[in-house]
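Convention: sequence-line order gives letters A, B, ...; per-chain numbering from 1. If you're wondering where the values come from, they're calculated on a predicted model, not measured in any experiment.
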Amino acid sequence: MKNSKLNYLNLLNNIQKEATTYLDGPCLIVAGAGSGKTKVLTSRVVHIINEKKAWASQILCVTFTNKAAREMQNRIGLSLDKNINSLPWLGTFHSISAKFLRRHAKAVGLNSNFTIIDKDDQSRLIKNICKAENIDVKKLSPKFILSYIDKWKNKGLLPQDVIVAKNLPLERAVLNVYKFYQERLKILNTCDFGDLILLCVVLFENNQDILNLYSKNFKYILVDEYQDTNFIQSKWLNLLTKVNNNICCVGDDDQSIYSWRGAEIKNFLTFDKLYKNSKIFKLEQNYRSTQNILSTASGLISNNNGRLGKKLWTAGQSGELVKLNCYKTGRDEATNVSDIIENKIKKKYSLNNVSILVRAIFQTREFEERFLKIGMGYRVVGGTKFYDRAEVKDSIAYLRIVYQKNDDLAFERIINVPRRSIGDTTVKLLHDWARQNKKTLEDAAFELIEQNKIKAKAKVSLLNILNLFKKWREDLKNKKHFELMEIILDESGYSKMLKDKKDFENEGRLENLKELIRAMQDFDNLQGFLEHVTLATSIDEDWNGEKINLMTIHASKGLEFDVVFLPGWEEGLFPHQKSLEEKGDKALEEERRLAYVGITRAKKEAYISFSMGRVYRGEWLESLPSRFIDELPKANIEQNNQESITKEDFDFNQDFEYEDGIESPGWKRLQRKLKNYE
DNA sequence: TAACAACGCTTTTTT
DNA sequence: AGCGTTGTTA
């Protein structure tokens, strides 16, 4: 044990060691990209426990993604005694909040088995409200309403707290919907993402005893990615810090990229105002990237104003120059990137350590098409999530309604899937009654059947499915949750529906459901599983196999790769037009930080590229290189002559199919493969 | 109620 | 261009 104790401190540089061992009182660690912030955070936890300053259960550790949480959990587990291998209070803001709320649900008007709803459900609920209130969704779109609600929640405002100026009728209308929305959520015993955090704050503010319980318990609070917290999260933290005043926040102002989600960099920049006598540490030695990569990133970010300011340096090698390539079309870009990977990268690095980082997720498509064509393995991190697939969502909706009978959104989703002749008219009937009586759809169903208000055919099937719900709820008591899933899929006729419709896709759908049942076995109970489903991030998906990674730059935060490709550096795409239109200069700086995050993901090699035009929304658009390209320091960049790229394209005969002109290794391999099939 | 056509919106980023 | 929603017809 002595050994491990020495070990974790010896692995740190001086400033990291200071930051790790400074335990008492608030502190802010400004940690540049690749400066070992996760290492410091985990070492801190280990140090607190080793020094017997607190038990594992007295440490609250908040991260932004489940992946980050898991990684920390692993690292901490490795460095501690066998008998303490996990922190019960390590997780994302959302997962920890859910834990608080389940324990004290009654205090905020919920039942402890509340369900958490996602964007889809939110949207459906808003649509229902609009329908009932005769609001024209074309004039006031659910998306618009939701963005407002989100914004208000991030600022800690429930409907009664929102003040709208008289001359803003639109906002008043939205507020009106917000009121109904919150009311409905309560009746359905559900919360949305925003509620998880906001309701915790409400809980703590209205129940000093509960707040005291926790703020006394948490002797140490650690927060990762602090630059991306929003107002309500910062308040959440502040409340919990009340008794012990030991909060340690880690972050990097240059990596603040979530302002559109309500993140307030102000939290980070004014940390010392909120927490008096706080200590600030700056980690500036970078252990990740070569000097050239680092200088490129630094040069770029130096164009931003209002930075806290830090100078990243490395003791490592200067490495290769950062490559800057120009292509004629988006397709050329994809082709050439795949060729570079084939010719050079693949020989030196594992594909898992190669990543293509894009501004917007649709950009991955061009690359996917290329990789499919040449048979190169890839994974899209953050594309459609497994749990977003229709059949998976349907199955989960069954579980939800069984678990929690108030979940109207689940009820509505599956009541006529598979078809049971419970059509729109019947559902509307249920809706109207439920709304008038402030009850749920299931209550409405029972009541209206009683009153004989439902047509014979629908009535029979409705009774039938309601009985099944009842039976499954019984099953839940004495069967495993994944066994229940099989029973439901069988008895509801869902499996049969998929099997009967014999098209090619349904095979895959059945496979997905098998996978779903398998995935459920990783969880102890239904509640744990359902919570995972909604709070899981897209980044949580498979990391097995030798594959190139494709993802947005946002999704890449906190990750690192040997080689990074950054395509699509064109005005309008990066920096993105929409963001500039909405927020102007502020947005430009955030876009620049995004570029900075992208470059600093690279350990050994970085390739930046742009194309002179690409197909956008079905039509060809000429484009200009991104202004960020001009901001890259020339000394660290190798700019490739675009002539050599374009010439090749002019050479091949236009009569051929486009791809016939390509003689890349990947293309040749594909040809070989096709031959082998013949 | 299912099949099909017409329309219109999309693509910024996500816990 | 491609998808999902809405409207029309049998």
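- Residue A:Trp260 places its side chain closer to B:dT14 than to any other of B:dT14, B:dT1, B:dT12.
- An OP1 or OP2 oxygen of B:dT15 is reached within less than 4.0 angstrom by no side-chain nitrogen or oxygen of A:Thr65.
- Residue A:Lys151 contributes atom NZ, which lies 20 Å from atom P of B:dT14 at whole-angstrom precision.
- Here B:dT15 is the nucleotide among B:dT13, B:dT15, B:dT1 with the atom lying nearest to any side-chain atom of A:His94.
- We find that CZ of A:Phe362 is positioned 14 Å from P of B:dT10, with the value rounded to whole Å.
- In this structure, A:Phe100 has its ring center under 6.0 Å from that of A:Trp89.
- A stacking contact between A:Phe64 and B:dT15 is absent: the pair does not combine a ring-centre distance of less than 5.5 Å to the base's six-membered ring with planes differing by less than 30°.
- The residue A:Tyr258 sits close only to the backbone: its heavy atoms come under 4.0 Å of sugar-phosphate atoms, none of a base.
- For A:His104 and A:Tyr214, the gap between ring centers is short of 6.0 Å.
- A:Ile257 has its CD1 atom 13 Å from the C1' atom of B:dT15, to the nearest Å.
- Checking the phosphate oxygens (OP1, OP2) of B:dT12, a side-chain nitrogen or oxygen of A:His576 falls inside 4.0 Å.
- Contact annotation for A:Ser579: base contact, defined as any heavy-atom pair under 4.0 Å involving a base atom.
- Note: CD (A:Glu225) to C1' (B:dT14) measures 13 Å, nearest angstrom.
- Atom-to-atom, CG of A:Asn230 to P of B:dT13 comes out at 20 Å; the value is rounded to the nearest Å.
- With A:Trp569 as the fixed residue, the ring pair (Phe, Tyr, Trp, His ring centres under 6.0 Å) test singles out one of A:Phe574, A:Phe610, A:Tyr607: A:Phe574.
- Here the nucleotide nearest the side chain of A:Glu591, chosen from B:dT12, B:dT14, B:dT11, is B:dT12.
- The aromatic rings of A:Phe523 and A:Phe529 sit perpendicular, their planes meeting at an angle over 60°, well past the 30° parallel limit.
- A cation-pi arrangement is absent between A:Arg592 and A:Phe628, since the terminal nitrogen or guanidinium carbon is not both under 6.0 Å from the aromatic centre and inside a 45° cone about the axis.
- Counting to the nearest Å, the C1' atom of B:dT13 and the CG atom of A:Leu573 are 12 Å from each other.
- Heavy atoms of A:Ser421 sit under 4.0 angstrom from primed sugar atoms or phosphate atoms, though from no base atom.
- Looking at which nucleotide of DNA chain B each of A:Arg359 and A:Asp150 is closest to, the 5′-most match is held by A:Arg359.
- Per the geometry, CD belonging to A:Gln363 stands 11 Å off P belonging to B:dT12, to the nearest Å.
- Rounded to an integer number of Å, the gap from A:Arg592 CZ to B:dT12 P is 21 Å.
- In the displayed structure, A:Asp585 atom CG is contacted under 6.0 Å by at most 12 heavy atoms of other residues, nucleotides or ligands.
- Other residues, nucleotides and ligands place no more than 12 heavy atoms under 6.0 Å from the CZ atom of A:Arg365.
- Remark: A:Arg419 in residues 408-420 of chain A come within less than 4.0 Å of DNA chain B through at least one heavy atom.
- The side chain of A:Arg365 lies closest to C:dG2 when the candidates are C:dG2, B:dT13, B:dT1.
- For A:Phe367 and A:Phe565, the ring centers sit 6.0 Å or farther from each other.
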